[in-house]
Structures are given as C-alpha cells and as structure tokens.
Amino acid sequence: MEAYQKSFKEVQQALGVSDNGLSQKDVIKRQTRYGRNEIIGEKRQSVWGILFDQFKDLLVIILICAGIISAISGEFESTLVILVVITLNALLGTFQTVKAQKSLDSLKKLSMPKIKVLREGKLVEIKSNELTVGDLVFIQAGDVIAGDGRLKEANNLQVNESALTGESNSVEKQLVAINHQCTIGDMTNMVFSGSLVTNGTGQYIVTNIGMKTQLGKIAEMLNATKQRRTPLQKTLDEFSVKLSIGIISICIIVLFMDVFIAKEQLLDALMIAVALAVAAIPEALGSIVTIVLSISTQKMAKENAIIKNLNAVESLGCVSVICSDKTGTLTQNKMTAVDIYTNRMLIQANRLNHHEYCHNILLKAFVLCNNATISKAQSIGDPTEIALLELYQDYNYKNAYRLQTKRQQELPFDSTRKLMSVTSKNHLYTKGAPDVLLKRCNRILIDGYKEIFTNKDKQRIMEQNDALARQGKRVLGFAYKEFYRNTLEKRDENDLVFVGLVSLIDPPRIESAQAVKDCILAGIKPIMITGDHVVTACSIAKKIGIFKQGDKCLEGTQLDKLTDQQLRNYLPHVSVYARVAPEHKIRIVQAWQARGAIVAMTGDGVNDAPALKQSDIGVAMGITGSEVSKDAASMILTDDNFATIVKAIITGRNVYTNIKNSIIYLLSGNLSAIICVLVTSFAILPTPFLPVHLLFINLITDSLPAIAIGMEKGSDEILKQKPRGSGDSLLNKETILQVSFEGIIICIFTMLAYFIGLRSDELTASSMAFGTLCLARLLHGFNCRSNLPLYKIPVNYYSVGAFVIGVSLLTWILISPNFHSLFSISELSLKQLAIIFVSAAFPSIIIQIYKMVSSRYN
C-alpha cells in the first residue's frame, strides 16, 4: 500500500518515528541510507566537447581536407576562406548549444527552502537538503514543501500543486486515508516537494526525499529524455551525406581523368579536384541557415514567441500534432461568473439588477462571503472569489451602485462542511457547495418573499446545478437568514433561505477557436492534455472545436491500463486527456512520435518539463510558466496564447520554404560549375575556373542572393498546405529535377561563353566563363524566390540589393585593369562583355518562361 492509502499512525509506525521526531543519531543513519534531499542532474558536455562536435559533419570534413590540400599547393587564400567559414559555423553552433537546457538547475533552486522540523522534541529550522525520511515537518501559509509526506495535521490547509499537476486552484487538504488508487491531484492527504502552502497550517511526516519525490521523478524523466534532433537537422544531415558521396565520387573521377588521361601533374590534378570540391560544396549553407533562422526568431519575438533553439523555428513548420494545456493557454486563466440562477430563473451574470430583492441579496453575499482583494495593481485570493468581486465591481461601474457592508463574524470554509458564513447588519450570509447548502435551507427567496422550500424546488435547483456542471462550470450556492446573536457557530448554518446559484468558468480565449480551426485547416491535430476534471476539459474542448462528435476523452487512470501498442492505436480517436500525471504526458508524446508525428507540447508547470523536452517543439508559458518548464522548452510564449503557436507555425513553414529555395539556388549554381569542370576534363580542355574565381563565387554569388532568398516574406496561404513529413528529404525527386534542369541551362550558356573565349586564349575563356557564371547565378537568385513567375510575387528588396552589389563588384573586376592580375582576368572587349551579359541573361529568360507556362497550366 502507498502512504496515502494508510492512516498517519500506520505510516509513522512503518517509518519507525516517535511523536518527538527523529534523534540526531537517527538523522545521521537515515541520511547515510537515503542520501541528501537533492535533485541529481545529468553530466553535461564541456564547451570544448561541444565545439569539437561541430566539426564532425561530413561536408565540414571534406572542406577541411580541401583546405589542407590548398595550403600544400600554396593557395592560401582558398585555405583562409574555408577555415573562416567552418570556424564561424562551429562557433555559432557551440553558442546555441551552450545556451541550451538548464532545467535541473532550476529544479534545484525550486527545492532548496528553509524548513521547520521536530527533532528530539524540539522545533528546529534546517536547510531542505538536510531533510530526511521520517522527519516531522511543520508548515504554514507561504512555505514551500520540501520532501513528499503524509499529513498528520491540516488546519484549513490549502496547497497550490499547479507546478506538479497543472491545476491552478489550491487543493484543500484532509487527513482521511484514501482506499483506492489515484493520481497526485487526488492525493489530498499528501503534500509534495515543490508545492506552495497558500492557506492554513499543518504537519506531515516525510515519506520520500530527493530523487524519490514526485519532483525527483520528474528530474529522472528529464535526465532520461534526450533532446531530439529537429527535422531540419535530420534533413540537412541526410542532404550532407548524399552530397558528400556525390562530390567525392566526381572528384575521384576528375582526378583519375587528369592524371591518367590528361597527364597532369598529381599536385595540379589535386588542385583541380579541390577546386571542384570547393565549387560543389555550398560552404555558405550553414551560415545562411543560421542567419535565416536568427532573423525569423527576431520576427517571432515581436509576435510574442521567444525561440531558444534556432532549429526549432523550422521544426514548427513540420508540426502535425499540438498537445496543449488547457488553463491559461486555451483559456484566459481567469475565473469569470457566467450564469445566475435565482427567482426560479437562469439569467446571464451581466443582467444583475439591484432593484430586484433576490439580486440585491446576491450582490451582498458576493462581497461579504469573500476573502479576496482586488485593485488596479493586483488581485489577491482565490480565483473564484476574485471573479465574484470583479462581477460586483463591474456591476457598480455600469450602475453606480454601492453596497454599504461590513463583516462582523466569519466561519471560514473547510472541506468537511464545504461552507463559508459571515454576519453583517443582523444577517447571516452563507456560500458553499449547492448539494450541501440545500440541506441547510428550509425556505427559498422568490420575488422578495421567503416561501416554503419544497422538494420540487430542490429538485429543480439540483437539475440546474447538474446542467451547469456538465458544461464544465463551477457552481456555488448562496443563502441567508436574519441573525441577531453576537457569536457565530457552525450550528447556526441551518434554517437558511436559499437565494440562488452562480456558475463560474475559466472561459476560452477569444482567439482560441479560430486558432484551433486554423490548425485543423493546416492538417494539424490539436489535443488538450490537462490535470483538470473530464467534464470541464471536454466542455472547453467542445467550445473551441478540439472535441468533436465521435472523439473520445481519456483519463489518466484509463491511460495506465493501456499498453503502448493499444495507446498508439487509440491516439487518432482521442482529442482530450484529463486528470493526467507527468508520466502520462510524456507517454502520449512518445506514442505520437512512434506514429511518425512531429509533436508540439505546451506546458507551464514543473510536471510538464519532461514532456516539453521529449516533444519535437516544447512550448512554455512566459507569464504563468515555471522556470523549469521555460528551461526545458524550445519556445516561450510571452502572452501564454495558443493562437501565437499558429502564427509561429506559419513562420516555421515559410522558413523551411525559404531555406529550401536557398538550397536550390546554391545547388543549381554549383551543379552548373561542376558540369563545366567535368566537360572540360573529359574533353581535355583548360579548366574554366581558376581557384580565385571560385573564391569570388563562394563569397559573393553564393552568399548574398541565398541570404536574400532566405529573407523572403512569407504568406499565410502556406497554412492551407499539409505539414511535411519528418522524413521528407530535401533532395527528393522534384528538387533533383529542378536543380538539374536549372543547373544544366546555366552550364550550357556558361560553356557557350567559354568556347567563344577559347578562340582567343585560355585566360579569356576562363574570364568569360567566370563572368557568365557569376552574372547568370546573380540573376538566378530571382528565379529561386518562388515557384511562381516574378510578376506574380512582390518585390524582395533584399534580392534586389544582393543583385546590385554582386553585379557592381563583378563589373568592376571585369573592366578595371587594377583587378585583372589579382583575379586572373584577361582584358575583355566590349563585344566579349556583351556576350557575357547576353549569355548570362538567357538562362533566367528560359526559366521564367517555363514558370509562366507551368503556373498557367497549374
């Protein structure tokens, strides 16, 4: 049996503790046996280890080899450029990784308060890490619980366990043993490490410390949960492997041809092979991806989404399932009075009228049976009582009506009576659970008269109470009577006059329904996972469109009975999970991932941290979220709003489209250079590009247009597309055909300029090939912005700027004698320059004609 299923005495005897607490000798023994009350974290990789990992990429290794060969050959400029590019990428990657998860550090901070314990009959204060199993701990309002334990005393004790359960309301604690199996949220005779005492006093015996606590179990799950690689990282890894194999194969062929057929010197042949490798590898890709993602994070920060992990931006575009918490994310995290049942009528709360006697009594009861305080600065107290005060204040604002009321005596609420009573001006006002309150009433207030309370009245009220409860609303009953005594006792809560019911709910955010609709339109399945009760969860889910006819709701206890395979089969039919524990959340995420889904998970509590880390995109709440959840997440919502996730998904999809278009631009341009080198190698002709030419191409024509493409303004229309699969390759059939088509066309006109120049001499041929390829690629930057023709897309001023800078530099190099020797350029005639510009323009003209025809056909 668990501790919550036993009486306190049984737990005390099992732990071998006297009423005077532990002796110092016992403390030492138990600390040796159970260890310190601390959260143990996983060993982290050193900064140097992280930096070293950045150089393990296959393309980077090839570039390092190319740099070494260039240095041996005396081409130090190429070596310098290669080293600068790969070092910059490595430093950026290291910086992002070092910034990453600090979840366990936050857990330790959360679990290190000072506590009061009874040892050898004396009350002493100790540090929480000195606590041990069997200690008797005294708690009061404001204390943070350290160590899980079974309650011995509970005097109006209320504990906020939202960090562990996700429920925002404080839990009323009691001492009775629970004879059935239940989740943390229902263990009302237990307290848990990391929770906050919000009201009352109590005493408990420690049953678990450190990693054995519920908080510790979450830490273990965090340790066991490895950060998943994002779809973009997986795609780029696969892309790197395929590209590397292709480049190595081509370089070997070219090396063989030059050495054994063209009879070149080995070192010269190696330099040609290196030049080809440098031309083929998109060195700027890593920097471009980083820059595009960084710019996107800045944009998303302005839209209330802070991205901690750059790659998470693109991952958002792949999301196919969103597991969202209810409170504060889909709802406003603020209780609001909705309905009032009085005078045998159900009205909306905003239709109160103090001229009606029943309404007047209710308004007084709202203010008097209330311990909350509200002001412009802040509201303090129970969310339900705050809602009643706000309703009263809102009514006053509209009607300029003020109640002159003053409380005289109070009987506080407790979990046994389920009532609260106060006296004021010879009247007693009572608030409580409707079923309990009705048993204390013998009359009902109708049109200002106190009529006999019939069974029919009681039945009608309970029917109304049940109907409101089925809608997920919290219902309170109110009653009153005349009262003239100076002392107030529990026996006075009888012979009451029933006044009415008030229903309250944490209403959905106004934008939640549209956000859910957008998710479904985008092919994303929204799921609600909450620690709240089934009725409340399903009611909210129906209102915002998550729960539809035919969908199922699953509770945590039901989830425990399913095998992993059963759960995976069950997943598509379930849209709401209620009364769930931390291990349930991570299991749901893993089950969806096992089906191949990319899962986004939202959360705000410590209990959400493992699932946030396990998910592909962990989304923490910036306002209500704990530090642990923020540390474990990839993205933080500064407005705690579900709709912000949808905006982020739009950005993520557009980012992937832009990155893919940048890669198409780089590959098609590089392919054209590769084919040119291959053609000249097979034809045993002079190389069309010298190393310095390739250096310029890599620095200018690769980088600037590709970055500009990456900064292309996205469209909300992309939400109408289905999310791409996590296994979708960048080098799919469609992409390969597009890259091949565009690369071959650019190559054809580059070689045309080369052969025209070859009529003069080798240097002129390479100069004309270099000029044509550079200009053709700069123009090609406009083609790669979209699959649509240019006249159908808005102007991208970044692309225009990249083109102007590139053309200006290229023209300067081609016509200025000062640069001819530096860049190995021959003096070109006006005719030859004209051939370069015309040859470079034709590939874009052909590609744009093809896009116009294709667009019209589609």
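What's counted below: heavy atoms across the whole structure, side chains too, no hydrogens, waters or symmetry copies.
Judged as a salt bridge (charged side-chain N to carboxylate O under 4.0 Å, His left out), the pairs with a partner in residues 421-431 (not counting sequence neighbours) are, in order, Glu385-Lys431.
The aromatic rings of Tyr570 and His573 lie perpendicular to each other, with more than 60° between the two planes, well past the 30° mark.
Using a cutoff of 4.0 Å between basic side-chain nitrogens and carboxylate oxygens, Arg485 and Glu489 are scored as salt-bridged. Looking at Arg579 and Asp186, a side-chain N of the basic residue comes within less than 4.0 Å of a carboxylate O on the acidic one, giving a salt bridge. Salt bridge present: Glu451 and Arg344 bring a charged side-chain N and a carboxylate O closer than 4.0 Å. Between Lys334 and Glu390, at least one side-chain nitrogen of the basic residue sits less than 4.0 Å from a carboxylate oxygen of the acidic one, meeting the salt-bridge criterion. Asp495 and Lys481 are not joined by a salt bridge, as no carboxylate oxygen comes within less than 4.0 angstrom of a charged side-chain nitrogen. Under a 4.0 Å N-O distance rule, the pair Glu482/Lys450 qualifies as a salt bridge.
Between Arg460 and Asn455, the side chains place no donor N or O within less than 3.5 Å of an acceptor N or O (distance only, hydrogens not considered). Side-chain contact annotation: Asn465 with Asp435, donor-acceptor N/O pair under 3.5 Å absent. Inspection of the Glu410 and Asn371 side chains reveals an N or O donor paired with an N or O acceptor under 3.5 Å. With hydrogens and angles left out, the side-chain atoms of Asp19 and Gln12 include a donor and acceptor closer than 3.5 Å. No side-chain N or O of Ser193 forms a donor-acceptor pair with one of Thr213 less than 3.5 Å apart. Side chains of Thr638 and Asn304: a donor-acceptor N/O pair is present below 3.5 angstrom, by distance only. In summary, the side chains of Ser195 and Glu161 do not present any donor paired with an acceptor at a separation below 3.5 Å, with no hydrogens or angles considered.
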Inset, instruction - Evaluate side chain to side chain donor-acceptor pair (under 3.5 Å) for Thr644 paired with Asp639, printing each intermediate quantity in order. - result: CA-CA 8 Å; Thr644 303; Asp639 59 355; 2.8 Å; yes
Inset, instruction - Go through Phe478 and Phe366 one step at a time and tell me if the ring-ring contact (aromatic ring centres under 6.0 Å, His included) criterion holds. - result: CA-CA 9 Å; Phe478 290 86; Phe366 291 167; 5.3 Å; yes
Legend entry - Residue pair Asp143, Phe138: steps toward the side chain to side chain contact (heavy atoms under 4.5 Å, CB included) verdict: CA-CA 9 Å; Asp143 287 348; Phe138 288 77; over 6 Å; no
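Rounding to the nearest 0.5 Å gives a distance of 7.0 Å between CZ of Arg587 and CG of Asp560. Here the CD-CZ distance, from Gln158 to Phe413, works out to 7.5 Å after rounding to the nearest 0.5 Å.
For His354, the ring pair (Phe, Tyr, Trp, His ring centres under 6.0 Å) partners two or more places apart in sequence, or in a different chain, are Tyr395, Tyr401.
Here the side chains of Ile529 and Ile588 are in contact, with some heavy-atom distance below 4.5 Å.
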